[in-house]
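Okay, so here's the structure we're looking at.
Please read these numbers as outputs of a predicted model, since none were measured by experiment. Throughout, protein chains are lettered first and strands after them, A, B, ... in sequence-line order, and every chain is numbered starting at 1.
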2 protein chains.
Amino acid sequence: MTEMISGLTSVQEDYLETIYRLTIERKVARNKEIAEALNVKTATVTGAVQHLAEIGYVNYESHGYVTLTDIGVKLAKELLERHQLFYLFFHDILGLEEKVADEVACRTEHHITGEPYRRFRDLVTHFQNCTHPSKYQR
Amino acid sequence: MTEMISGLTSVQEDYLETIYRLTIERKVARNKEIAEALNVKTATVTGAVQHLAEIGYVNYESHGYVTLTDIGVKLAKELLERHQLFYLFFHDILGLEEKVADEVACRTEHHITGEPYRRFRDLVTHFQNCTHPSKYQR
DNA sequence: TTGACAAGTTAGGCCCGGCTAACTATATTC
DNA sequence: GAATATAGTTAGCCGGGCCTAACTTGTCAA
């Protein structure tokens, strides 16, 4: 419900990111794969993707493959970039296990954006260059 | 919609935190004040608070003041603690202006919890003790 | 004390994001 | 090429969270 900076909800952002990942990993994104990735039913995906098509983020043909529009790709890339940075922070710097780090990155990526994100990113980069991680892991 | 670790939605968590703050600042939380704090209408607050009462987080009497139950207070305190830590991080360490730091803390507090939160907290504490903040502000 | 204003509630509507059940379309396999 | 299995869609439901409009309750001042 609550809108993100992008104008989409965090759930809609999750769909975009998932579709982007699938098109990279498997060349193509299909309804069923999206459903599995997001842990929802295929009927739910149909509705969500139709709506994202109406507002211009995905290309959608009935019973066909789902692809992102240009603005869809742009947003998905940003999300993925943020996801990766948060994963790196929680996994490599704070030392959380992969699954946990990924989960928390999944949530965080929607909420830390813009200038706060950029500052955070610069801090993380600084860390990587200058500090021994284990120092912060207990 | 999406449930947090607490079993509540992030919006419900916001209500609890707001009620807690108001009871501290003004001794008492009233419908109108909650509405103003959360930027919603009073009718919306009525519904939300009734539901929170049903599930045991607030004490609610019609046309009376709203207070938190014991579990409500417990959760609200956790939220406030997280909020304050994230505010400290974004404001004091990353150097964002107050309003921006507060907004991003408001969002983040719902999503970084449990072990990830504790590790993050330890990192921030470490920062405060050992590092000159300005170093990370550009 | 009563009349006006402020505060709170109820009713009803809308959207999002889930679900199931039933249907249709596509693929596969014989 | 027909039968079956799989994938995708549609319809209809529910709950949360917001709104407005209309009503009720409470408060305060003349």
Side-chain angles (χ1 to χ4, degrees), chain A residues 1-19 22-23 26-67 72 75 79 106-107 110-111, chain B residues 1-19 22-23 26-67 72 75 79 106-107 110-111:
Chain A
M1 182 66 65
T2 313
E3 262 183 30
M4 303 295 105
I5 304 295
S6 63
L8 303 184
T9 65
S10 61
V11 171
Q12 290 172 329
E13 290 186 348
D14 283 333
Y15 278 96
L16 291 189
E17 194 184 344
T18 298
I19 293 164
L22 285 170
T23 54
R26 329 253 266 241
K27 295 288 182 208
V28 99
R30 283 164 59 222
N31 190 313
K32 196 194 167 196
E33 293 168 335
I34 299 168
E36 277 162 10
L38 290 173
N39 262 294
V40 296
K41 303 296 171 183
T42 60
T44 306
V45 173
T46 300
V49 168
Q50 284 173 348
H51 188 225
L52 286 168
E54 278 165 21
I55 59 179
Y57 287 86
V58 311
N59 305 117
Y60 177 67
E61 300 154 44
S62 196
H63 294 271
Y65 299 131
V66 179
T67 56
L75 182 48
L79 285 159
C106 268
R107 297 193 300 270
H110 305 290
H111 305 286
Chain B
M1 181 71 58
T2 312
E3 261 182 31
M4 304 294 105
I5 304 296
S6 63
L8 302 184
T9 66
S10 60
V11 171
Q12 290 171 330
E13 291 187 346
D14 283 333
Y15 278 96
L16 292 189
E17 194 185 343
T18 298
I19 293 164
L22 285 171
T23 55
R26 327 253 266 240
K27 295 288 182 209
V28 97
R30 282 163 59 223
N31 190 314
K32 197 194 167 197
E33 294 169 334
I34 300 168
E36 277 162 10
L38 290 172
N39 261 295
V40 296
K41 303 297 170 182
T42 60
T44 306
V45 172
T46 300
V49 168
Q50 283 172 350
H51 188 224
L52 286 168
E54 279 165 19
I55 59 179
Y57 287 87
V58 311
N59 305 119
Y60 176 68
E61 299 153 45
S62 195
H63 292 272
Y65 299 130
V66 179
T67 56
L75 183 47
L79 285 159
C106 268
R107 297 193 299 271
H110 305 290
H111 304 286

Select from Thr9(A) and Lys32(B) the residue whose nearest nucleotide in DNA chain C is closer to the 5' end of that strand.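 It is Lys32(B) whose nearest nucleotide is closer to the 5' end.
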Nearest of [options] to any side-chain atom of [X]?
X	options	result
Ala43(A)	dA11(D), dA7(D), dC19(D)	dA11(D)
Lys41(A)	dG17(D), dC19(C), dT9(C)	dC19(C)
Thr44(B)	dG17(D), dC19(D), dT10(D)	dC19(D)
Thr42(B)	dG18(C), dA11(D), dT9(C)	dT9(C)
Arg30(B)	dG18(C), dG17(D), dA7(C)	dA7(C)

Need one value for [X]: base, sugar-phosphate or nothing, where a base atom within 4.0 Å counts as base even if backbone is also close, heavy atoms only.
X	result
Thr46(A)	base
Tyr65(A)	nothing
Thr2(B)	nothing

For the atom pair CD (Glu33(B)) and CG (Leu38(B)), what is the distance rounded to the nearest 0.5 Å? 12.0 Å
Would you indicate, yes or no, if dG17(C) has its OP1 or OP2 atom less than 4.0 angstrom from a side-chain nitrogen or oxygen of Gln12(A)?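 Affirmative; the distance criterion is met.
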Taking only the side-chain nitrogens and oxygens of Gln50(A), find out if one of them lies under 4.0 Å from OP1 or OP2 of dT10(D).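 Yes, Gln50(A) has a side-chain N/O under 4.0 Å of OP1/OP2 on dT10(D).
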So with a 6.0 Å cut-off around OH of Tyr60(B), is the heavy-atom count from everything else above 12? yes
In whole Å, what is the span from the [atom1] atom of [X] to the [atom2] atom of [N]?
X	N	atom1	atom2	result
Glu13(B)	dG17(D)	CD	C1'	15 Å
Asn31(B)	dA7(C)	CG	C1'	8 Å
Tyr57(A)	dC16(C)	OH	P	14 Å
His51(B)	dT10(C)	NE2	P	15 Å

Measuring only between side-chain heavy atoms, which start at C-beta, is Leu79(B) closer than 4.5 Å to His110(B)?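 The answer is yes; the side chains approach within 4.5 Å.
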Given DNA chain D, 5'-ward residue of the pair Val45(A) and Tyr15(B), judged by closest heavy atom: Val45(A)
